[in-house]
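I have placed the structure first, in the form of structure tokens, so that the comments after it can refer back to it.
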There are 2 protein chains.
Amino acid sequence: MTRDHHPTGSRVTMQQVAAEAGVSVSTVSKVINGRYGVSSDTFDHVTEIVSRLGYEASLVARSLRNSRTNVLGVLVADFEPFSTEVLKGAADAIRGTGFELVAYSAGGRVDEHVGWERRYLSRVMGTLVDGAVLVTPTVTDVQYDGPIVAVDPHTGRSSLPTVTADNLQGARLGVDHLLGLGHRRIGMVTGRPDLVSARLRERGFREAHAAAGVPLDESLLRLGAFEQDQAGDAARELLALPDPPTAIFAANDLSAIAALEVAAELGISVPEQLSVVGFDNIPDSALSSPPLTTVQQPIRQMGHDAIAMLVQMIAGEELAETHVTLETTLVRRRSTAAPGGTP
Amino acid sequence: MTRDHHPTGSRVTMQQVAAEAGVSVSTVSKVINGRYGVSSDTFDHVTEIVSRLGYEASLVARSLRNSRTNVLGVLVADFEPFSTEVLKGAADAIRGTGFELVAYSAGGRVDEHVGWERRYLSRVMGTLVDGAVLVTPTVTDVQYDGPIVAVDPHTGRSSLPTVTADNLQGARLGVDHLLGLGHRRIGMVTGRPDLVSARLRERGFREAHAAAGVPLDESLLRLGAFEQDQAGDAARELLALPDPPTAIFAANDLSAIAALEVAAELGISVPEQLSVVGFDNIPDSALSSPPLTTVQQPIRQMGHDAIAMLVQMIAGEELAETHVTLETTLVRRRSTAAPGGTP
DNA sequence: GGTCGCGTGGAAAACGTTATCGACAACGAT
DNA sequence: ATCGTTGTCGATAACGTTTTCCACGCGACC
């Protein structure tokens, strides 16, 4: 089956194909790229030789010649659940575009080496890819003039095109759910205040209260800092209050799960005595006990759209909107119920 | 935002640096690569110009000239937990080697498009990377003469260098644990029989029994096929038996978690009435209820070693061993206890 | 004062492709 | 016959590097 062709010592080059077929390299090139100007006889003949020799064009040489690599890069801070989900969406969107997709990881070293992305972008991306998607929350200020789309950039607004989830609306969704269930004292474990996403979620929390005409107790807002330990502490403080909340809205699933654990530890049953809502809908949230009710971000979709935008930009088309925000949805699982105890 | 970023951002070329510095391109090249034969005066002068112009060498042109890209690729079937963990290990091992790391994903389409890897390897890998790590369980028969290392190739032995976990020893570990706890009727949910890893785990299961002198009831062996649904069904059958097992050893964590769910569904409490041991130690296994006792594979280490081997191969060194197998360890959590019920 | 060596710098040929453009034949129309 | 036309095909110049190799100037050494 695997017919061993010629002494394929190294790589078969166009020259060799041309020599074998008795034509010029120009002709071979035309055949390969389906250009007009070659008779069907020679076309067939050349394709025959090409497949017999197992010839594959050197993408490097081609890139050099065309100053296009036909490769799109996704730059992630680390391969955590969020980025990998984005990657899946991106991998999905890439097919049929004629581009290849590669992923680069900072290996979680982002905090240590600030400016990592800058260096990387100019070094690698600048020459090996035609465009890039950034999934590096903290850094979006890069000096690389190629097409770039940022996904979920937590830090303040950037000049780049972006794709984000609607954090404000998502928070409204989560808190409205709690409010609708009858909760009137809702605690919130907020995220790092320097991230816009966290601020938007907090704002949604406030707006939901305002819209429902429910007064807000400021002492019920705690900083969870997107870190699981601190989130646990925040939940602990909340539950130790003389008049503890009947529900907790966490800025992200990790914090929510931490809250769940603290509740279990304190012997508080969820959802009977305490309701918990998360944000993100990471895969783990379906496996917590009880399974977490949470606000889902369309992460895959975000990766998908980012690639689609990139492709458009490269094609030279104008983007309909440079800042795309995608709707979130509420995933109801078993961590929420009415304050009484009945779900 | 500057409007004039051309299709591919017009980069500074070596020519321009040379012109600006009043020297020849050869000299600039020598300076860039630190070659001998340039006076320290001109060296300083050129480096000055280089940084002023923000010049970065075109990796494409460089790759074409030296037929090396200095990029290593990791080819994954999909971005699931296992592969991403391998990727982290790889990203870790890559630093300091002078290579860059890129990841390619089949986008989970491996089953549909058999032979995907073959095409991809010859097309992309053959020309864009200097070597590749394969994390594509089912296919390892590729015709790409570059350096390749396969990680955890489930399918039969391949001629490629490989890195795998010691599945046999791992299964021994898990089953010995159960046996040591006092269990005498242990069920096993096995994996797809066409995968060597699954067969080795089953063999470890048998050997552990033999070593302990505990007779083995063949009716307690069920095919779980590495699929969560089928694993659930297998567990259900096992537990519906007139004389059900007091413990289940699952061929992987996904199956084990499925078994946990089935037990919960049937009102069987874990670990009081049933002990469950998994294999892999995926992140989710720590979050199941109860947290899963499981056999941990050093997945990161596998990625790390694969890259290290690749680098060695490219350097032309001989590999100490072409088939590396790494030790597994038992992670005791709360899904196992003595048959009576006391942990 | 001629060679020899040595320290510098540059010219030019690759690497494998693609696009441009001209050569050449065959052929119908004037 | 001449002239354009059409249809094939091949030379050739890039693309941006790196790497020989060669030229030049200048001390040093007999």
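Everything numeric in this text was worked out from a predicted model, so none of it was measured. In what follows, chains are A, B, ... by sequence order, proteins preceding strands, each numbered from 1.
Between the CG atom of A:Leu64 and the C1' atom of C:dT18 there is a distance of 11 Å, given to the nearest Å. Protein atom CG of B:Leu128 is 14 Å distant from nucleotide atom C1' of C:dG16, rounded to whole Å. Put simply, NZ on B:Lys30 is 6 Å from C1' on C:dG9, counting in whole angstrom units. When rounded to the nearest whole Å, the span between CG of B:Leu59 and C1' of D:dT17 equals 11 Å. Rounding to whole angstrom units, CD of residue B:Gln15 and P of C:dG10 are separated by 12 Å. Nucleotide C:dA19 holds its P atom 9 Å from the CZ atom of A:Arg62, rounded to whole Å. If you take NE2 of A:His45 and P of D:dT8, they are 17 Å apart, rounded to a whole angstrom. C:dT17 atom P lies 8 Å from atom CD1 of A:Ile32, rounded to whole Å.
Considering only heavy atoms from C-beta on, A:Val31 stays 4.5 Å or farther from A:Val23 through its side chain.
Once rounded to the nearest 0.5 Å, the distance linking OG1 of B:Thr27 with CZ of B:Arg35 reads 14.0 Å. With rounding to the nearest 0.5 Å, the separation of CZ in A:Arg62 from OG in A:Ser67 is 13.5 Å. Summarising the geometry, atom OH belonging to B:Tyr104 is positioned 9.0 Å from atom CG belonging to B:Leu75; distances are rounded to the nearest 0.5 Å.
Among the nucleotides D:dT8, C:dT8, D:dA11, the one closest to the side chain of A:Ser39 is D:dT8. Proximity note for A:Met14 (side chain, C-beta onward) versus D:dT19, C:dT18, C:dT8: the nearest is C:dT18. Listed candidates were D:dT18, C:dG10, D:dT8. Nearest to the side chain of B:Ser29 is D:dT18. Side-chain proximity of A:Ala61 to D:dG10, D:dT17, C:dT17: nearest is C:dT17. You'll find that the side chain of A:Ser58 is closest to C:dG16, out of D:dG10, C:dG10, C:dG16.
OP1 or OP2 of C:dT17 lies within a sub-4.0 Å distance of a side-chain N or O belonging to A:Tyr55. Distances shown here put a side-chain N or O of B:Thr42 below 4.0 Å from the OP1 or OP2 atom of C:dG9. Phosphate proximity of C:dT18 to A:Arg35: absent, as no side-chain N or O sits under 4.0 Å from OP1 or OP2. Phosphate proximity of C:dT18 to A:Asn33: present, with a side-chain N or O under 4.0 Å from OP1 or OP2. Note on B:Ser24: every side-chain N or O is 4.0 Å or more away from OP1 and OP2 of C:dA11.
Among the atoms of the strands shown, none is found under 4.0 Å from any heavy atom of B:Ser63. Across all strands, B:Val60 comes closer than 4.0 Å to no nucleic acid atom at all (heavy-atom distances). Residue contacts shown for B:Ser26 include a base, since a base heavy atom lies under 4.0 Å away. Looking at heavy-atom distances under 4.0 Å, B:Phe43 makes no contact with the nucleic acid at all.
In the interface, the side chain of A:Arg65 is paired with the base of C:dT18 through a donor and an acceptor atom under 3.5 Å apart.
For the residue pair A:Thr42 / A:Ser39, a side-chain donor-acceptor distance below 3.5 Å is found, with atom types taken as modelled. No hydrogens or angles considered: nothing links the side chains of A:Thr164 and A:Asp152 as a donor-acceptor pair under 3.5 Å.
If B:Val23 and B:Asn66 are placed on DNA chain C by their nearest nucleotide, the residue sitting closer to the 5' end is B:Val23.
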